[in-house]
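First comes the structure, then the notes that go with it.
Proteins come first, then strands; the chains are lettered A, B, ... in the order of their sequence lines, and each starts at number 1.
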Amino acid sequence: MSFSPDINDFVIKLANVNGTGSSSANGLLMKAIFRMGVPVVGKNVFPSNIQGLPTWYEIRVTGEGHMARSGTVDMMVAMNANTYARDIAALSPGGILLYDSTWPRQHVLSRADVTVLGVPFAQMCNEAFSAARSRVLMKNMAYVGTVAALLDIDPDVVRELVREMFAAKPKLIDLNMQAISLGYEYAKANFACPLDFRVEKLNKTVGKIMIEGNAAAGLGCVYAGATVGAWYPITPSTSLMDGFKAWCEELRVDKETGEHNYCIIQAEDELAAIGMVLGASWNGARAFTPTSGPGISLMSEFIGFAYYAEVPLVLFDVQRVGPSTGMPTRTQQGDVQMCAYASHGDTRHMLLFPAHPGECFSLAVDAFDIAERYQTPVFVLSDIDIGMNDWMVDELEWDDARRPDRGKVYSAADLEKMDKFYRYRDVDGDGIPYRTIPGTHPKGAYFTRGSGHNADGAYTENEAEYQEVLDRLKRKWENAAEHLPPPITHTAKGGKARFGIIAYGSSDGAVMEACAKMAKEGIHVDYMRIRSFPFSQEVSQFVDAHEQVFVIEQNRDAQMRGLLLLETELPREKLVPVLHYSGEPLASHFVHREISALVNAASQKEESA
Amino acid sequence: MTSFAKPSINLKNAKRNKLGLTRRDYEGAMSTLCAGCGHDSVTACMAKAFFELSIEPHRAVKVSGIGCSSKTTAYFLSEAHGNNTVHGRMPSVATGAAAANTELTYIGVSGDGDSLSIGLGQFAHAIRRNVNMLYVLENNGVYGLTKGQFSASSDIGSRSKKGEENLSPPIDPVSLGLSLGATFVARGFSGDRAQLVPLIKAGLKHNGFALIDIVSPCVSFNDHKGSTKSYAHTFQYYHPAVHADYVPMADDIKTSYEDGEAVPVELHDGGMIMLRKLDKDYDPQDRAAAYAQVAKRAAKGEIITGLLYVDESQKDMAAMNKMTATPLNALPYESLCPGAASLADLQNRYR
């Protein structure tokens, strides 16, 4: 897959030092391109550190509207001397390296197939600005100016964004514009602007927004009617609760009294966070917790309790790289199996897999309905790539006719008419019992316990009574399979593809792009994106219909493939793992290379046979 | 089986409370604890307190952790929802439940293992949040269900049934509560119902986290000579310092208390806690002094009891979070979902 840079089709990578204010400058660049109507993909690769370690920001300009990294770098803005060597090595042949030539580094920055452009950013800023902090911050704005000149980014759009950015501090507008001009004018005077690859106005961002998955998921919780959020701070899920809090302050505070119709509790640890969610949910509020893998590990005991006592829980697992502390700011899909079977004993849980922020919003809302319908924990398995990067997605939509599905709950009127209420009886034959909310009615009381209980909700150590409840739990779970968000299948042209791909979550963009590219090259592959667990019949049918299915995932141990083998009768040899687990967001280049090679190898094997 | 139904016998002339209910209506399943267990006395006091306060049983919520004490929530208020959670994690479930509905009465029952070892963190943080609940810690200094290991409240020098001596210092829930900013700290004894029932009533009516540490001897594993949590030892070193009564709004306070004898503490519901000093040096409204007194008595080996500290002026969790008066679980969905027009509007910032 060759990616030769072209107009509206190239990648800029910005190498910075963490804590120097670069991320707002990089966001500004990306937003400016988006405002010019050109689709963009942004990836922030940052360290687990507040200040000093290297950080990168990647902006893919993609007129065709792809959703993933390509895997190439056409321009490197190298602002961190500590990473010059790896930054120049990362450039694709023919690429351009822009660096701060206040301190010339010709010997380090030499690569025959790369053009090096030096701009004395530090020197210019030191001369123009007196305050020490300004000198550091304004270097960022200066390179924004240079990049804008090189890529033909509309200066009016940039100016407008600066105005919006500093609307609360108008004094800073002129200062930042001055810095941008320094870089812009220097480039105009010293380089041939614009470059061959550059930005040209399009109208492909109409109806689109740029949003992080965590902000979208937080908004989804507001729209779902969640009122209790409990959490313990952990990267990369913190911004989900920050988002929920900000939305609540905006949308859920009584303008006159200042009263909140929500309660956010920062717990002492994840064990307490999930206990609070459990208590609130058991008591009839919609409650959730955002966390990441280490948090799920700690929450496991309560997750098993909720499964067995049938208490709805909504958990967002914004996955990061494990095992253990791992690389907290890098992305992975490493919690799939842990979430599916969290806690001791026979437990199994419902999982939802959003592919982008748009689905973080919609599946967040669905998660509450599913948790209450099935009275069980539901995990929304996002990851740091979706959660903490700005993605261009369709505007979020809402149907005002939508009402929450609170599941099977007896009201006071229902209870009044009954002789006696039994918590765990399968009244309707669907495996789902009725529950009651504390305080509703004297007849509604029952004792919730994680110890052995029978269908009446009483303690038991009787074998048959214990098994009756456990078997019903399994029936309930199996019945849910066809009612969860279904997989999405993309059938290749012609409709008779021999090979299939299964992927999920943030891999979607890269897989979609690679499939399109392969189709152009004559390799036709069907693609199914799994969106929930337990698996619907469609998943097995998809595998049955192909000679081989490549299961693409972002972990080392092929966790989704393992889940497929455990939960279906599918033969091992048909499911071929394709694994990426470095912590970098998946690139379409990787998918294209791996799948093409596998398809070609299978075809060659056939010819030689 | 740890619980089975108790036959309900209604006596003809049984006393009825304001709701027309009898004591029987506040009972639960038959206890399966050992005969003579202190916890059963506490359970009876609990039922009595709820009865006397005329709280509708189904408007109460009982939560507990794991252990002998935690089982007891099944033995009173059978018409109240109960949640027998996981070991040491009852406070978080109570916290979440209290966030969802501020209108119910929350009562947590725990033990020294559940609260002071595995659940010390959650116990401490529920105090800090001032969750509006009564937290009863049935303290027997021993792990009963696992047959006799020392707990974190075992005193130095106390001997186990097998003769082993405890060498680690105890965690005292009262001192801990005082140091963590608890707004209601009491200690009772399962052998003194006359003191305990009013304490429970006052704790239930306190706005915020009410901690009652109750010395509740384990007859099977910690009631022998050499144990500092036995009935005999507790009776010997028992030192009631402050007696507390709950007086509802409607009652005429002056009839039962003469001027100067008792200090009234006004409650949010209009009722009062009347504090009667049994130890003239003790001031239950001065945290630092209370802390010093508790430490002084403990050093002498005495077990100081009563309502040891109360502060009715602090914000509870709901107030700290500026929560609306309507319970969150009763807010209509229409008031929670901003709707399509808002969604379209708020997305302008993402363009």
Side-chain angles (χ1 to χ4, degrees), chain A residues 35 209-211 222-223 225 227-228 230 250-252 254 258-265 267-269 271-273 275-285 287 301-302 305 395-400 403-404 436-442 444-451 458-461, chain B residues 1-4 56-59 61 63 73-74 78-87 89-101 103-104 121-122 124-125 129 317-318 321-331 333 335-344 346-347 350-351:
Chain A
R35 288 262 177 106
I209 55 167
M210 295 222 57
I211 189 170
V222 171
Y223 273 74
T227 51
V228 178
E250 186 173 331
L251 303 162
R252 293 265 197 89
D254 188 293
E259 285 179 346
H260 298 179
N261 58 14
Y262 61 94
C263 180
I264 296 170
I265 312 172
E268 54 271 31
D269 53 33
L271 292 84
M276 290 167 188
V277 171
L278 190 143
S281 198
W282 175 77
N283 212 6
E301 189 181 19
F302 260 134
F305 179 93
E395 281 170 19
L396 308 178
E397 285 179 359
W398 187 255
D399 175 1
D400 278 331
R403 286 294 172 276
T436 55
I437 306 302
T440 306
H441 192 279
Y446 70 97
F447 203 73
T448 304
R449 46 164 65 86
S451 48
Y459 180 87
T460 193
E461 292 178 10
Chain B
M1 305 261 277
T2 62
S3 66
F4 46 90
E56 288 178 282
H58 80 282
R59 301 294 288 171
V61 164
V63 285
T73 46
S78 56
E79 276 183 6
H81 269 69
N83 197 329
N84 185 193
T85 70
V86 299
H87 203 8
R89 317 289 172 221
M90 170 269 279
S92 62
V93 175
T95 303
N101 186 354
E103 286 186 349
L104 304 180
Q122 293 212 348
H125 287 275
R129 288 189 189 95
M317 180 179 75
N321 284 286
K322 296 184 188 149
M323 279 164 62
T324 172
T326 310
L328 296 181
N329 73 352
L331 290 167
Y333 178 66
S335 72
L336 298 173
C337 178
S342 286
L343 186 62
L346 62 84
Q347 288 181 84
Y350 294 118
R351 288 189 183 95

**Asked** Measuring heavy-atom distances to chain A, does B:L104 have an atom under 4.5 Å in its side chain, in its backbone, in both, or in neither?
**Response** side chain
**Leading residue by heavy atom contact count with chain A [cutoff under 4.5 Å; candidates B:V61, B:T85, B:V63]** = B:T85
**Message:** Please classify the contact between A:I265 and chain B as side chain, backbone, both or neither, with a heavy-atom cut-off of under 4.5 Å.
**Reply:** side chain
**Item:** Heavy-atom pairs under 4.5 Å with chain A, option from B:N329, B:N84, B:N101, B:N83 with the top count
**Value:** B:N83
**Complete:** Value for CG (B:L336) from CZ (A:R252), rounded to nearest 0.5 Å, stands at 4.5 Å
**Prompt:** Who wins among A:G450, A:P438, A:S451 for the most heavy-atom pairs under 4.5 Å with chain B?
**Reply:** A:P438
**Item:** Euclidean distance, A:R449 CZ relative to A:Y459 OH, rounded to 0.5 Å
**Value:** 8.5 Å
**Prompt:** Does any heavy atom of chain B fall under 4.5 Å from the side chain of A:Y446, the backbone, both, or neither of them?
**Reply:** both
**Request:** Heavy-atom distances under 4.5 Å only: say whether A:A272 touches chain B with side chain, backbone, both or neither.
**Result:** both
**Item:** Interchain contact, A:I264 with chain B, by part (heavy-atom threshold 4.5 Å)
**Value:** backbone
**Fill in**
Greatest number of non-hydrogen atom pairs under 4.5 angstrom with chain A, of B:T73, B:T95, B:V86, falls to B:V86
**Message:** Under 4.5 Å from any heavy atom of chain B, what part of A:E250 do you find: side chain, backbone, both or neither?
**Reply:** side chain
**Fill in**
Note: vs chain B, highest number of non-hydrogen pairs under 4.5 angstrom among A:L396, A:V222, A:D400, A:T227 is A:L396
**Message:** Please classify the contact between B:M90 and chain A as side chain, backbone, both or neither, with a heavy-atom cut-off of under 4.5 Å.
**Reply:** neither
**Fill in**
Greatest number of non-hydrogen atom pairs under 4.5 angstrom with chain A, of B:R129, B:R59, B:M323, falls to B:R129
**Request:** May I ask you to decide if B:M317's main-chain N or O and B:N321's side chain share a donor-acceptor pair within less than 3.5 Å?
**Result:** yes
**Prompt:** Does any heavy atom of chain A fall under 4.5 Å from the side chain of B:L331, the backbone, both, or neither of them?
**Reply:** side chain
**Message:** Looking only at the side chains, is there a donor atom on one of B:H81 and A:T440 sitting less than 3.5 Å from an acceptor on the other?
**Reply:** no
**Prompt:** What are the two closest heavy atoms between B:A80 and B:P57, and how far apart are they?
**Reply:** CB-O, 3.1 Å
**Item:** Minimum heavy-atom distance between B:G82 and A:W282, given as atom pair plus value
**Value:** O-CZ2, 3.5 Å
**Message:** If we define contacts as heavy-atom pairs under 4.5 Å, which of A:L271, A:L278, A:D269, A:V277 has the most with chain B?
**Reply:** A:L271
**Message:** I need the minimum non-hydrogen distance between B:R89 and B:S92, along with the two atoms involved.
**Reply:** O-OG, 3.0 Å
**Gap separating the OG atom of B:S342 from the CD atom of B:Q347, nearest 0.5 angstrom** = 11.0 Å
**Request:** Find the one option among A:G275, A:P442, A:G225, A:A285 whose heavy-atom pairs under 4.5 Å with chain B are most numerous.
**Result:** A:P442
**Message:** What part of B:S78 gets within 4.5 angstrom of chain A, counting heavy atoms only: side chain, backbone, both, or neither?
**Reply:** backbone
**Message:** Can you tell me how the ring of A:H260 sits relative to the ring of A:Y262, calling it parallel under 30°, perpendicular over 60° and tilted otherwise?
**Reply:** parallel
**Item:** Among the listed options A:V228, A:N261, A:L251, the residue most often paired with chain B at heavy-atom distances under 4.5 Å
**Value:** A:N261
**Prompt:** Given that the side chain runs from C-beta out, which part of B:P338 has a heavy atom under 4.5 Å from chain A: side chain, backbone, both or neither?
**Reply:** both
**Request:** Identify which of A:A230, A:S281, A:G444, A:A287 forms the greatest number of heavy-atom pairs closer than 4.5 Å to chain B.
**Result:** A:G444
**Message:** Heavy-atom pairs under 4.5 Å with chain A: which of B:E103, B:H87, B:E79, B:R351 has the most?
**Reply:** B:R351
**Asked** When rounded to the nearest 0.5 angstrom, what is the spacing between CE in A:M276 and CD in A:E268?
**Response** 4.5 Å
**Prompt:** Can you tell me if A:E259 uses its side chain to pair, donor with acceptor, with the backbone of A:D254 under 3.5 Å?
**Reply:** no
